[in-house]
K.L.:
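Quick one: the structure is below, questions incoming.
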Amino acid sequence: MKKLLWVTGLVILLSLVFTSCAQPSATPSSSESPAPSPSTSQSQQPSTVRVGIFIPGRLGDSPPYDALANSARKMALRDNRLKVEVFEAGFDQSKWIEQLTSFAASGKFDVIYTSNEALGPMAVQVVKQVPDIKFIVNDSYIIGNDRIFTTFFNKYQESYLYGYMMALISTSTMPGANPDKKIGLVYGQHYTMMDDLIIPGIEAGAKAVDPEFELRTAMLGNWYDAKKAESLANTLIDEGVDCLGAIAGSGNAGVISAASSRGIYVVWYDTEGFDKAPGTVVGSVLCFNNDATMANLEALLDGTIQWGTAKIVGAEDGYISVPLNAPGWVNNVPEETRQAFQEEYNKVISGERQLEIPPSVLEKLNKAAQGE
Ligand code: RBF
């Protein structure tokens, strides 16, 4: 009996081995071998697009540039038609045009993707000198150049929300908030977007909370000196400011140091920022540079970019937003303050509160880019 069982077992085992060897293509394991590509994708070999990312500064503390580089790298991992190389040009702005020209003339790229309003005019110059190269520029507004596409965020709207939030925090019952109707901003340098959209937007937002609000500003003069930024922030706090904004790249760290040692508040611009200093950074207004970059790169790969045009995006289409459920906001800011903010925020995203970029500002940016 034992012998019979042993023989039966052996027969079953042998027949299993035989079946799996004899029918390789019919077994589930065949699906692990490379699936045959559909004939269309075999015949239309996707062409590669080589994109050079030109960072006008350094990566690490500048939300628009970090988002640009990170999104492009992420996109290249997801789509093998995209090849990406990132170049950090550094803070010496007098070198940028030369660096950009040689980057474009290197022959390594089909398209250069860069950011900020000073780079738009440089792109216009470079396309005149370097044949075939194309440019996508975030935070720039240029129309009519058929090798340039720009994306412009409604910074007036973003800054209005920023000022509105800072003024509400300043008038709140939060410890450290004083009766003075003053908020502050430390910023990197003068440029049209700062002077004509960001600062006026913050002022309009604060005055919408209370017309008596005043915005005190301090210019850093660069995008990296955190020590100087700290001293500027301290001066603003001495003047009665109890909630600060920071748009100064690596200088922002100094604004946080001053605010946290003096027990006042910071609202972050473009990204969440709560983790930079929990309890000091208590709110933020977001600008989704990453989404815009991904969308533009997707359009580039699909061949649907509208060269020669500029795309304006804002809160109504989800490119500017506020993290209303973030623990850093919910746990630090009293409910009535958050409620008041949310009411205004809803008006902005629904379009009830119209905060358009003045056409004269767009015209000014385009004219500057065309060298007019
Ligand atoms: N923003 C930064 O966060 N870091 C920078 O290094 C930086 N450099 C800039 C240089 C120039 C010439 C200009 C016009 C803007 C710069 N910005 C920088 C500002 C940036 O474009 C954007 O306006 C702000 O970051 C707010 O979104």
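From a predicted model like this one, the values you see are computed outputs, not experimental measurements. Counting starts at 1 for both ligands and their atoms, in listed order.
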K.L.:
My understanding is that only residues two or more places apart in sequence, or in another chain, count here; which of them pass salt bridge (charged side-chain N to carboxylate O under 4.0 Å, His left out) with Arg216?
P.N.:
Glu214, Glu239

K.L.:
Using a cut-off of 6.0 Å, state whether more than 12 heavy atoms not belonging to Lys311 lie near its atom NZ.
P.N.:
no

K.L.:
Same hydrophobic cluster for Val333 and Ile183, using side-chain heavy-atom links shorter than 4.5 Å among ILVMFWY?
P.N.:
yes

K.L.:
Are Ile320 and Val322 in one and the same hydrophobic cluster, where Ile, Leu, Val, Met, Phe, Trp and Tyr link if side-chain heavy atoms are under 4.5 Å apart?
P.N.:
yes

K.L.:
Mind telling me whether Tyr191 and Trp223 have parallel, tilted or perpendicular rings, with 30° and 60° as the class edges?
P.N.:
tilted

K.L.:
Please tabulate, line by line, the atom pairs linking an N/O of ligand 1 to a protein N/O at a distance below 3.5 Å, with the distance in Å to 0.1, or answer 'none'.
P.N.:
residue	atom	partner	partner atom	Å
ligand 1	3 (O)	Ser62	OG	3.4
ligand 1	4 (N)	Ser62	OG	2.7
ligand 1	8 (N)	Tyr65	OH	3.2
ligand 1	8 (N)	Trp223	NE1	3.3
ligand 1	23 (O)	Tyr191	OH	2.7
ligand 1	27 (O)	Lys155	NZ	2.9
ligand 1	27 (O)	Asp270	OD2	2.6

K.L.:
Report the relative orientation of the aromatic rings in Phe341 and Tyr345; use parallel for angles under 30°, tilted for 30 to 60°, perpendicular for over 60°.
P.N.:
parallel

